[in-house]
Structures are given as C-alpha cells and as structure tokens.
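Please read these numbers as outputs of a predicted model, since none were measured by experiment. Heavy-atom basis, side chains included; hydrogens, waters and symmetry copies ignored.
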Amino acid sequence: MILVAITGASGVIYGIELLKALKDLDIETGLLISNPGKLVLNYELGIDSEEKFEEIKNLADYYFEASEIDSSVNSGSFRFESVVIVPCSMKTLSAIANSYASNSIVRVADVALKERRDLVIVPRETPLRTAHLENMLRISKEGGIILPAMPAFYHNPENLEDMTQFIVGKILDVLKIDNNLFKRWNKS
C-alpha cells in the first residue's frame with residue numbers, strides 16, 4: 001500500500017493526480033488529508049461540499065483522518081510500503097524533521113523513517129529559508145526523499161496538466177513504478 005498525504009500547501013492537484021495515477025495502475029492506496037489541506041482543496045480545486053470531498057476520498061482504497069492519532073495507520077505494525085506527502089507544507093516538513101508527531105500524517109512519516117520504508121516529501125514553498133533547507137537535509141539524511149515540485153520544461157509542456165504529470169511521473173519513478181506520464185529527456 002502507498003499512503004498519500006495532502007497537507008495545507010499550494011499544489012494539491014499533485015496529490016489528486018498521484019491518486020488517479022495509482023488507481024489507474026491498480027495500486028492499493030490510503031489517503032490522509034490535513035485540515036489545512038482540506039482548505040486548500042477548496043481554494044484551488046473548488047472542493048467545497050461533502051459530496052465533492054467524498055469523490056476525493058474515493059480515489060483511494062482507504063481514508064484515514066489526519067486528526068485521529070489513535071488510527072491503525074499510526075502504528076509500525078500497519079502494513080504499507082511508502083508514504084508520499086504531496087504537497088508538503090513547511091509546518092509538516094518541520095514536524096517530520098523534528099519527530100513532532102502531532103497528527104497522523106507526521107506519525108506515518110515518522111513510522112516510514114523508523115521502519116526504513118519509502119518516504120517521499122514534495123515540498124511546495126518558495127523561496128526557502130535556511131530552516132526549511134535544514135529540515136529537508138535532516139529528513140534526507142534519515143532516508144527520506146525530497147522531491148520539490150519543480151516542473152521541467154525540456155518536454156515542452158503545453159498546459160498545466162503536462163506540468164502536473166511531470167511531477168507525478170517523477171514521484172512514481174522514485175517509488176520504482178513504471179509510468180509514461182511525461183516525455184523523458186532526449187526521447188522523441
């Protein structure tokens with residue numbers, strides 16, 4: 001199972017498109033969304049009703065409330081292979097780097113690091129201050145993968161979807177999941 005977490009940073013479309021890609025690939029997923037992530041879903045994608053939110057939750061096989069610290073997903077005995085936090089706010093990044101498990105998103109990241117499972121962080125902030133970079137370095141030193149949402153342009157993106165698919169494809173690449181979501185360097 002791959003756990004996908006959406007936090008309160010701009011770029012929630014990356015998380016939604018990752019869930020869609022994993023569903024298309026028939027890969028089992030779990031979803032966590034922080035309360036600030038829910039606000040950004042409304043701001044950026046117009047997810048403003050329970051009906052629309054249910055559609056987002058249904059992209060995953062399982063949904064876990066980020067505020068439920070006693071959820072089964074918070075335990076090292078819960079079976080998952082990878083966690084992708086996309087987008088990852090600087091608050092969540094800092095909490096992970098400093099092992100401050102105040103919600104289920106930070107706790108599953110903590111479990112991933114301590115159990116040596118894949119952790120992919122897709123930070124969405126610019127510019128970055130020294131503390132942000134130090135927190136990323138701290139997570140990287142423990143085995144987490146920092147994959148900033150920095151779309152490329154060598155594949156000549158024609159629209160926002162092309163740029164989004166590039167980042168989603170890169171996430172799948174680091175998880176060692178074959179995909180053709182973007183045109184690779186120097187390929188016709």
Side-chain angles (χ1 to χ4, degrees), residues 1-9 11-34 37 57 59-66 69 71-125 132-152 164-182 184:
M1 175 185 300
I2 296 175
L3 297 173
V4 176
I6 296 173
T7 70
V12 293
I13 189 67
Y14 294 121
I16 300 304
E17 292 301 317
L18 176 61
L19 286 166
K20 289 178 182 176
L22 292 168
K23 189 176 200 75
D24 288 346
L25 293 166
D26 201 31
I27 295 173
E28 185 179 42
T29 57
L31 173 63
L32 300 102
I33 304 174
S34 69
K57 287 171 34 177
L59 291 172
D61 297 295
Y62 303 95
Y63 179 76
F64 305 96
E65 281 294 337
I69 203 69
S71 176
S72 61
V73 74
N74 294 320
S75 171
S77 66
F78 186 83
R79 305 292 294 177
F80 68 87
E81 291 129 32
S82 308
V83 179
V84 181
I85 303 177
V86 55
C88 185
S89 67
M90 291 301 110
K91 178 181 178 181
T92 300
L93 181 85
S94 177
I96 295 165
N98 293 288
S99 196
Y100 182 69
S102 59
N103 66 31
S104 291
I105 294 172
V106 178
R107 177 61 187 155
V108 297
D110 196 53
V111 168
L113 290 173
K114 78 180 187 73
E115 301 283 334
R116 304 296 190 255
R117 300 176 192 170
D118 292 333
L119 172 63
V120 180
I121 304 286
V122 183
R124 260 291 307 120
E125 184 66 69
H132 300 153
L133 296 168
E134 288 172 344
N135 286 333
M136 288 182 212
L137 179 60
R138 185 179 236 169
I139 293 168
S140 178
K141 283 181 175 180
E142 289 192 62
I145 297 168
I146 308 299
L147 195 154
M150 296 179 180
T164 302
Q165 293 303 304
F166 175 83
I167 296 299
V168 172
K170 295 299 276 187
I171 294 168
L172 294 175
D173 282 355
V174 300
L175 294 173
K176 298 173 184 64
I177 299 172
D178 289 333
N179 71 90
N180 295 310
L181 293 180
F182 64 99
R184 298 188 183 271

Heavy-atom pair with the smallest gap, counting every atom of V106 and A95: CG2-CB, 3.7 Å
Taking every non-hydrogen atom, the tightest pair across S72 and F64: OG-CE2, 4.2 Å
Side-chain touch L113/I96, heavy atoms, less than 4.5 angstrom: yes
Side chain T7, main chain S89, donor-acceptor under 3.5 Å: yes
L133 side chain near L137 side chain, heavy-atom distance below 4.5 Å: no
Check: N74 main-chain N/O paired with S71 side-chain donor or acceptor under 3.5 Å: no
Approximate separation, where rounding is to 0.5 Å, of L172 CG and L181 CG: 6.0 Å
V111 side chain near F80 side chain, heavy-atom distance below 4.5 Å: yes
Within 6.0 Å of CG in D178, more than 12 heavy atoms from elsewhere: no
Rounded distance (nearest 0.5 Å) linking atom CG of L175 with atom NZ of K170: 12.5 Å
Atom pair OG1/CG of T164 and L18 - distance to nearest 0.5 Å: 12.0 Å
NZ (K91) with more than 12 external heavy atoms under 6.0 Å: no
Test item: H132 and P123 side chains (from C-beta on) under 4.5 Å apart, heavy atoms: no
Test side-chain contact (heavy atoms from CB on, under 4.5 Å) applied to V84 and Y14, step by step: CA-CA 11 Å; V84 181; Y14 294 121; over 6 Å; no
Let me have the donor-acceptor pairs involving side chains of residues 141-148, under 3.5 Å, with sequence neighbours excluded, atom names and distances please.
none

Closest contact, heavy atoms only, V12 versus P87: CA-CD, 3.7 Å
Interatomic distance, M136 atom CE to M90 atom CE [nearest 0.5 angstrom]: 4.5 Å
Within-4.5 Å side-chain heavy-atom neighbours: Y63 and I33: yes
Minimal non-hydrogen separation, I69 against A101, with atom names: CD1-O, 3.7 Å
Side chains of V73 and M1 in contact at under 4.5 Å (non-hydrogen atoms): no
Minimum heavy-atom distance V168-E17, with the two atoms named: CG2-CB, 3.8 Å
Within-4.5 Å side-chain heavy-atom neighbours: I121 and L93: yes
Shortest non-hydrogen contact from A60 toward L31: CB-CB, 3.6 Å
Distance, nearest 0.5 Å, that separates CG of D118 from CG of L3: 11.5 Å
Worked check of side-chain contact (heavy atoms from CB on, under 4.5 Å) between I177 and I171: CA-CA 9 Å; I177 299 172; I171 294 168; over 6 Å; no
N98 side chain to Y100 backbone, donor-acceptor under 3.5 Å: no
Distance (rounded to the nearest 0.5 Å) between L25 CG and I2 CD1: 9.0 Å
Check against ring pair (Phe, Tyr, Trp, His ring centres under 6.0 Å), F78 and Y62: CA-CA 13 Å; F78 186 83; Y62 303 95; 7.7 Å; no
Check: K23 and L19 side chains under 4.5 Å, non-hydrogen atoms: no
